[in-house]
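Heads up: the structure comes next, in structure tokens.
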Amino acid sequence: MCGIIGIIAKDKSQHLASITYECLQRLEYRGYDSVGIASLGKKGIEVRKAKGSVEEVVKKFNALSMTGEIFLGHTRWATHGEPSDYNAHPHMDCSNSIAVVHNGTIRNFMELKEELESLGHKFKSETDTEVIPHLIEEFKKRGMSTFSAFKSAINTIKGTYAVLALIKDDYKIYFAKKFNPLVIGIGDKANFISSDIPSFLPYTKTIITIQNDDIGYLSSNEVYIENNDIPVNVSERIRQIDWDASAASKEGFEYYMLKEIYETPEVVMDTLYGLKNDANIDKIIDKINSSKRIIVVAAGTSYHAGLYFSLLLQRNGYTTIPVVASEYYNIKTGPDDSVIAISQSGETMDVIMAIRKFKENNSSIISLTNVIESAISRESDFKIYTRAGPEIGVAATKTFTTQIAALTFIWSKIVDKKINFESIGDVIRSSLDKSGEARRIGEELAQKENAYYLGRGISLPLAMEGSLKIKEIAYLHAEAYPAGESKHGPIALISNGFPVVFVNTGEFTEELQSNVQEMKARGALTYGISINSTLNTHKEILLKVSDENLAVFALSPIIQLIAYYAALARGNNPDRPRNLAKTVTVE
């Protein structure tokens with residue numbers, strides 16, 4: 001999500017405005033809704049920015065006429081504040097002497113903003129990013145050198161970031177990175193720093209990697225990096241790449257789907273942070289608590305997230321009805337009902353048709369989408385957003401897990417349940433460490449033509465999602481159903497070697513163990529994905545999670561990785577499954 005480019009000329013005859021324009025175009029694949037460019041020359045810093053495409057904004061402001069020896073460019077995908085001209089990056093300090101572009105999320109920005117405003121700083125946007133130039137300005141006021149002020153600003157913020165800063169009369173690009181990508185390119189006529197290699201690939205294939213907690217600056221003839229105040233030997237980081245632009249945009253991953261699965265820890269944390277700071281959450285909780293019934297409507301993967309949420313609430317005595325969006329006409333809602341509409345894109349036509357029908361009955365509509373001011377959010381009474389960023393792979397992965405995170409957060413607020421959300425990132429990373437085991441199971445399933453995915457309780461929506469995922473990208477016929485339902489029909493299909501995947505959150509382990517034995521007795525080849533205790537399947541991935549409420553976040557990446565590796569083993573492109581579209585905008 002978002003794209004960053006910084007360019008500093010070695011050869012003063014270079015027309016950096018044109019190069020910046022080209023670099024921004026090569027970052028467009030990441031998704032964005034606004035664009036901005038800053039230049040630093042003899043007259044100081046100039047900024048031109050607005051909502052719209054790179055081409056539109058460059059033409060609108062005649063940005064190709066900009067001059068200077070250093071340029072910053074940014075494509076913004078809205079998180080804090082709506083897509084707008086004033087929320088577009090770069091952001092400036094009070095004296096227009098510092099320009100900053102930023103990817104990521106600053107979790108303590110509200111308290112920093114209040115503190116800075118109390119010191120007289122004037123803010124012009126709704127973004128979290130704007131605290132950075134004001135912090136640098138404030139530290140410089142206190143007598144710090146430019147680099148010390150930049151470092152102090154970075155050390156003050158909490159969250160994830162890739163930050164570039166320009167400072168008047170200082171011909172360097174200052175940078176810092178924590179989780180969000182950033183890489184340096186060393187060219188013959190200019191040096192580059194970007195969130196992605198393809199942006200500068202036509203100009204250089206010599207790169208310097210930037211790692212988490214690195215902070216430094218780039219000039220026309222120097223790269224300085226330090227980590228935890230210790231200077232880094234930059235020469236050891238220099239690499240020559242031989243990738244093409246398409247491969248490079250995947251940041252070293254073979255496919256976008258795998259890259260997006262590995263982005264999950266950060267985007268889940270970003271989503272939770274956004275919700276904790278959403279002033280509407282308390283109103284939404286009050287609305288749900290005062291509703292007669294809660295209708296959860298969604299399609300595909302989002303439906304499974306909605307089913308998970310519905311089961312959680314049903315256990316607490318709420319009347320909750322999960323509805324497949326395309327079957328909306330089977331339920332009549334009323335003014336006492338709240339409808340929770342879930343859609344990754346916010347443009348899913350089935351969901352739009354459903355909420356329009358429910359609005360006719362004066363039901364309250366609460367939307368959960370990944371795109372600010374999408375069609376569904378615009379038609380809703382209350383809006384909640386995930387912060388997964390753009391998802392290029394057709395199969396939903398990180399967007400599913402962020403939906404689960406948002407819904408778990410809301411459920412915890414409704415029922416006043418304490419959950420250790422701070423550890424979610426580590427739970428997901430520990431699960432990703434099991435990718436080798438997921439690969440072996442995926443490659444074995446790829447040799448089969450049919451499979452069952454079974455679960456009980458909260459693991460059932462996960463089993464359904466695992467079944468859907470392997471159908472979508474591996475083209476393997478899979479069915480999911482409650483494990484206790486086996487004896488009522490499905491077990492008739494079991495024969496020697498029939499694969500059955502059990503998904504176990506740990507809450508019904510003994511019952512699932514009995515189901516495993518039933519399947520084994522009839523020749524099934526059993527697999528388990530289990531939290532904390534084993535099911536005694538033929539092959540099993542055991543995940544350790546201290547807070548049982550977070551089991552779903554350990555299980556989700558594994559079921560996605562199994563499907564991913566099954567698709568690869570079958571020779572499929574997991575990013576572009578046949579017959580499927582990323583956003584379904586027709587009924």
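All heavy atoms count here, side chains included; hydrogens, waters and symmetry mates do not.
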For this session: In sequence, state the C-alpha distance, the side-chain angles, and the governing distance for Arg387 and Leu272, and then conclude on side chain to side chain contact (heavy atoms under 4.5 Å, CB included).
Result: CA-CA 9 Å; Arg387 294 186 178 192; Leu272 291 169; over 6 Å; no

For this session: Might you point out which heavy atoms bring Val503 and Leu512 nearest each other, and give the distance in Å?
Result: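 Here Val503 and Leu512 meet closest at O-CD1, 3.9 Å.
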
Problem set entry | Check against side chain to side chain contact (heavy atoms under 4.5 Å, CB included), Thr369 and Ser345 | CA-CA 6 Å; Thr369 74; Ser345 66; over 6 Å; no

Would you find a donor on one side and an acceptor on the other, under 3.5 Å apart, between the side chain of [X] and the backbone of [Y]?
| X | Y | value |
| --- | --- | --- |
| Glu130 | Ser125 | yes |
| Asn108 | Thr156 | yes |
| Ser195 | Leu182 | no |
| Gln344 | Ala396 | no |
| Asp350 | Ala325 | no |
| Tyr475 | Arg578 | yes |
| Ser53 | Glu56 | yes |
| Asn103 | Ala162 | no |
| Ser556 | Val552 | yes |

With sequence neighbours excluded, what pairs up with [X] under the ring pair (Phe, Tyr, Trp, His ring centres under 6.0 Å) test?
| X | value |
| --- | --- |
| His74 | His89 |
| Phe409 | Phe421 |
| Phe123 | His134 |
| Tyr481 | Tyr452 |

Roughly how far apart are [X] [atom1] and [Y] [atom2], rounded to 0.5 Å?
| X | Y | atom1 | atom2 | value |
| --- | --- | --- | --- | --- |
| Glu465 | Leu307 | CD | CG | 11.0 Å |
| Tyr453 | Leu468 | OH | CG | 10.5 Å |
| Phe309 | Ile340 | CZ | CD1 | 4.0 Å |
| Ile410 | Leu368 | CD1 | CG | 6.0 Å |
| Ser467 | Met464 | OG | CE | 8.0 Å |
| Ile384 | Ile281 | CD1 | CD1 | 4.5 Å |

Crowding at [atom1], [X] (>12 non-hydrogen neighbours, <6.0 Å):
| X | atom1 | answer |
| --- | --- | --- |
| Gln314 | CD | yes |
| Lys471 | NZ | yes |
| Lys359 | NZ | yes |
| Lys113 | NZ | yes |
| Lys59 | NZ | no |

[Y] and [X] side chains, donor-acceptor separation under 3.5 Å:
| X | Y | value |
| --- | --- | --- |
| Lys469 | Thr301 | yes |
| Thr397 | Gln560 | no |
| Ser302 | Gln403 | yes |
| Thr271 | Thr402 | no |
| Ser84 | Asn87 | yes |
| Thr333 | Asn361 | yes |
| Asn504 | Ser459 | no |

Problem set entry | By salt bridge (Lys or Arg N to Asp or Glu O under 4.0 Å) - contacts of Asp336 (at least two apart) |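 Applying salt bridge (Lys or Arg N to Asp or Glu O under 4.0 Å) to Asp336 gives none.
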
For this session: Please identify each residue that fulfils salt bridge (Lys or Arg N to Asp or Glu O under 4.0 Å) with Glu479, with sequence neighbours left out.
Result: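 Result, salt bridge (Lys or Arg N to Asp or Glu O under 4.0 Å) vs Glu479: none returned.
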
Heavy-atom side-chain proximity of [X] to [Y] below 4.5 angstrom:
| X | Y | result |
| --- | --- | --- |
| Tyr303 | Pro322 | yes |
| Pro574 | Leu568 | yes |
| Leu313 | Trp411 | yes |

For this session: Please test Ser435 against Tyr565 for side-chain hydrogen bond (donor to acceptor under 3.5 Å, both in side chains), starting from the C-alpha separation and ending with a verdict.
Result: CA-CA 9 Å; Ser435 65; Tyr565 286 116; 4.7 Å; no

Carboxylate-amine/guanidinium proximity below 4.0 Å for [X] and [Y]:
| X | Y | value |
| --- | --- | --- |
| Glu379 | Arg356 | yes |
| Arg429 | Glu266 | yes |
| Arg378 | Glu82 | no |

For this session: Under the side chain to side chain contact (heavy atoms under 4.5 Å, CB included) rule, what do Ile288 and Ile366 come out as? Steps first, then yes or no, please.
Result: CA-CA 9 Å; Ile288 292 173; Ile366 303 165; 3.9 Å; yes

With sequence neighbours excluded, what pairs up with [X] under the side chain to side chain donor-acceptor pair (under 3.5 Å) test?
| X | answer |
| --- | --- |
| Glu28 | Tyr32 |
| Thr160 | Asn180 |
| Asn330 | Glu327 |
| Tyr318 | Asn289 |

Problem set entry | Steps toward side chain to side chain contact (heavy atoms under 4.5 Å, CB included) verdict (Lys51, Arg76) | CA-CA 9 Å; Lys51 179 181 176 181; Arg76 175 181 186 252; over 6 Å; no

Exercise. Going through the checks in order, is the salt bridge (charged side-chain N to carboxylate O under 4.0 Å, His left out) test met by Glu422 and Lys158?
Worked result: CA-CA 13 Å; Glu422 293 300 318; Lys158 297 177 182 176; over 6 Å; no

Problem set entry | Pairs involving residues 282-299, ordered by first then second residue, that meet salt bridge (Lys or Arg N to Asp or Glu O under 4.0 Å) (sequence neighbours left out) |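 Found Arg293-Asp337.
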
Problem set entry | Residue pairs involving residues 300-316 (criterion salt bridge (Lys or Arg N to Asp or Glu O under 4.0 Å); sequence neighbours excluded) |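 Residue pairs passing salt bridge (Lys or Arg N to Asp or Glu O under 4.0 Å), neighbours aside: Arg315-Glu507.
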
